[in-house]
Amino acid sequence: MTSIQKRTCVACSMILIGAMSRSAPAASEAPSDPLAPAGAWSEKVFGHAPLPPMGWNSWNAFHTQIDEAKLMGSARAIVDFGLRDLGYRYVNIDDGWWQNRRLPDGRMMVRTGTFPGAKIAGPGETSFRPLVDALHGMGLKAGIYTDIGRNACSQGYPEPDSLLPTGSVAEREVGIFDHVDQDITLYFKEWGFDYIKVDGCGLNAFSEDKPAVKEGRFRAFPAYVVSDAVNQSRVADIRNLFGEVRDAMMRVRPENDFVFSICNWGTANVRAWGRDLGNLWRTSDDIEPRWSRMLYNFDSVATRELYSGPGHWNDPDMLFIGHGDFDAGHLREARTHFALWAIEDAPLMIGYDLRHAPKALLDIWGAAEIVAVNQDPAGNQGVLAFTSDDVQIIVKQLANRGEKAVVLFNRGTEPATATLTAGHLKFSPSEPIRVRDLWSRRDLPPFTQELSFKLAPRESVMLRVRGRSELPEGWYLSEMPARLYVAADGIRALEADPQIHRPVPQDSGTRGGGPRPALAGWGGPRADSTPYNNELRIHGAAYVSGIGALANSRLQVKADGGFKRFSARVGLDDSSRERATKVRFEVYGDGRLLVQSPEMGADAAAFPLVTDVAGVKTIELVAREIGVAHAPTVVTWGEAALER
Ligand code: GLA
């Protein structure tokens with residue numbers, strides 16, 4: 001519905017919150033020294049999303065034209081077609097369900113014209129309880145939608161056929177702002193919902209300068225979110241608002257049986273803090289059923305592998321399979337879209353009218369072996385093993401040692417040959433590697449060294465492979481991103497990530513100068529890459545495996561007492577723009593310094609850090625800059641690995 005351009009508010013107040021450059025503590029806590037070891041795993045446990053949530057959402061199929069028959073019809077189809085049993089559990093209502101907020105008690109009212117089952121006894125009373133009970137009775141779970149501000153996206157960016165809230169200005173304030181406890185109690189306690197998506201248009205579409213606000217149709221709300229400028233959103237205020245909702249859910253559902261989906265389209269550096277407050281957070285603006293827009297959404301997660309893991313997922317937006325470039329006439333594109341979402345641990349939310357779904361599409365959502373990759377219990381997001389603007393190879397470590405999933409993906413318009421090597425898999429090149437094609441569900445002949453595929457434009461191949469790990473007794477940290485938590489990223493000033501594909505905007509076309517990079521994240525730590533997409537290299541020696549980060553970062557590793565030894569070869573990366581500074585590398589185990597490097601300059605060869613970590617639950621990797629640097633200092637934890 002909206003694009004980054006539409007959500008822009010250049011006239012808004014410019015407030016830069018210094019603390020936003022690192023993964024800050026939860027809303028209520030005071031900021032502390034970012035490099036001080038916490039001594040324990042800092043990620044908070046809340047909600048219930050041990051695996052990427054799967055289900056159905058009304059928006060991509062119906063926009064605000066959602067109604068009870070469409071919703072229940074799709075729910076029935078989820079059960080009848082066996083999708084529920086594959087894991088598609090959540091049936092989520094998006095924008096458009098509300099009639100208004102009743103005054104003076106402020107209770108939210110359901111639009112009974114479209115949801116007749118919500119009419120209950122008592123004059124003018126409405127309740128979603130019957131619908132939620134019906135979904136629960138079918139073995140499904142139910143999701144609801146609100147906005148973090150006073151008003152919703154459909155009000156800020158109405159479409160010609162939008163079904164909008166009715167009544168006075170105050171009655172049309174259907175967002176959760178100033179009603180957090182009341183609405184969360186209603187949705188989760190009284191109505192029994194299990195999942196909530198909290199959108200963000202209330203924070204950017206209703207500022208004083210907007211025509212509808214000037215005309216008095218909506219109360220003004222300052223533009224906290226400035227979508228196209230990474231340094232202008234009111235990050236702390238935005239975090240606090242989402243934090244209030246998370247805290248209210250923890251109060252209302254102390255058993256933690258909820259899912260909290262943050263939808264602020266990758267703005268306000270949510271990359272760094274989404275994990276502290278949400279079970280999933282959107283990493284980009286809305287997906288559209290266009291190939292190049294799908295690339296944009298995919299790119300917004302593809303280099304964020306260290307930010308996702310069980311309970312907390314990067315969300316590149318819902319599936320658009322069945323529409324436009326991904327419809328039944330474009331199965332190649334639809335399969336690629338699905339494979340990419342699966343390997344990146346994206347939530348799998350179907351956005352299609354399942355009452356009328358062709359078998360070819362059902363076969364995509366129902367591809368059990370591909371869903372199993374997404375739902376693998378280790379929760380490792382796929383890591384880019386090869387990347388170019390044409391072909392990419394993504395590898396995801398599965399829970400079973402020696403097993404990985406792979407997507408080889410042709411982004412481009414020309415046929416391409418994609419060669420998968422044992423090196424990409426971190427497997428021994430001399431032992432046979434077993435391969436299964438996950439779309440055809442057939443085993444291919446085993447290979448050693450490498451295996452090539454011819455990919456048509458927009459085609460992908462998805463495999464499950466089994467081989468002998470390069471490290472006989474251990475794992476590279478870059479093979480288990482789910483075990484890492486970025487406690488401090490070392491970024492001093494936010495920069496937009498230039499790697500993310502920028503399609504021509506659908507609404508404005510080529511008018512103006514075109515979309516600029518707009519999603520913060522450039523400089524964040526990476527698996528098998530420097531933060532700025534260079535190969536890892538210390539004093540001339542390249543490392544295929546390792547973690548690249550900025551100085552003044554602190555990364556936590558969840559060891560859970562399961563490993564004996566940590567090792568890495570550390571140093572300033574040759575790509576570092578800062579050459580004059582020095583960095584000390586420190587490794588802590590449950591808060592105790594285990595080993596550290598000398599102060600290392602740009603001319604130092606890699607220093608081997610090795611330490612016993614037996615019994616250690618939380619390892620912390622600190623790269624401490626000595627003195628003040630003038631340019632970003634890039635550091636490499638080369639071949640960082642844990643051994644059993
Ligand atoms: C925003 C969200 C979408 C959808 C619409 C509803 O654009 O990003 O996912 O919820 O609002 O209006």
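Reckoned from all heavy atoms, side chains included, excluding hydrogens, waters and symmetry mates. Remember, it's 1-based here, ligands and their atoms both numbered in the order they're listed.
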For [X], atoms of ligand 1 separated by under 4.0 Å from a heavy atom:
| X | value |
| --- | --- |
| Cys153 | 1 (C), 11 (O), 12 (O) |
| Trp59 | 4 (C), 5 (C), 6 (C), 12 (O) |
| Ser154 | 12 (O) |
| Cys263 | 2 (C), 8 (O) |
| Lys197 | 3 (C), 4 (C), 9 (O), 10 (O) |

Look at ligand 1 and say whether Tyr145 reaches it with a heavy atom at a distance under 4.0 Å.
yes
Is ligand 1 under 4.0 Å from a heavy atom in the side chain of [X], in the backbone, in both, or in neither?
| X | value |
| --- | --- |
| His63 | neither |
| Cys201 | neither |
| Asp199 | side chain |
| Trp265 | side chain |

Results of ring pair (Phe, Tyr, Trp, His ring centres under 6.0 Å) for Phe338 - residues two or more places apart only:
none
With sequence neighbours excluded, what pairs up with Phe177 under the ring pair (Phe, Tyr, Trp, His ring centres under 6.0 Å) test?
Phe221
Please report the closest heavy-atom contact between Leu361 and Leu331, naming both atoms and the distance.
CD2-CD2, 4.1 Å
Which residue in the set Trp98, Phe128, Trp97 passes ring pair (Phe, Tyr, Trp, His ring centres under 6.0 Å) when paired with Phe115?
Phe128
Between Asp94 and His63, do the side chains contain an N or O donor and an N or O acceptor separated by less than 3.5 Å?
no
Can you find an N or O of Asp286 that's nearer than 3.5 Å to an N or O of ligand 1?
yes
Backbone or side-chain N or O of Arg282 under 3.5 Å from ligand 1 N or O:
yes
Check for me whether Arg150 meets the cation-pi criterion with Phe218, that is, NZ or CZ under 6.0 Å from the six-membered ring centre and within 45 degrees of the ring axis.
no
Would you find a donor on one side and an acceptor on the other, under 3.5 Å apart, between the side chain of Arg511 and the backbone of Ser508?
yes
What is the distance from atom CZ of Phe409 to atom CZ of Arg411, rounded to the nearest 0.5 Å?
5.0 Å
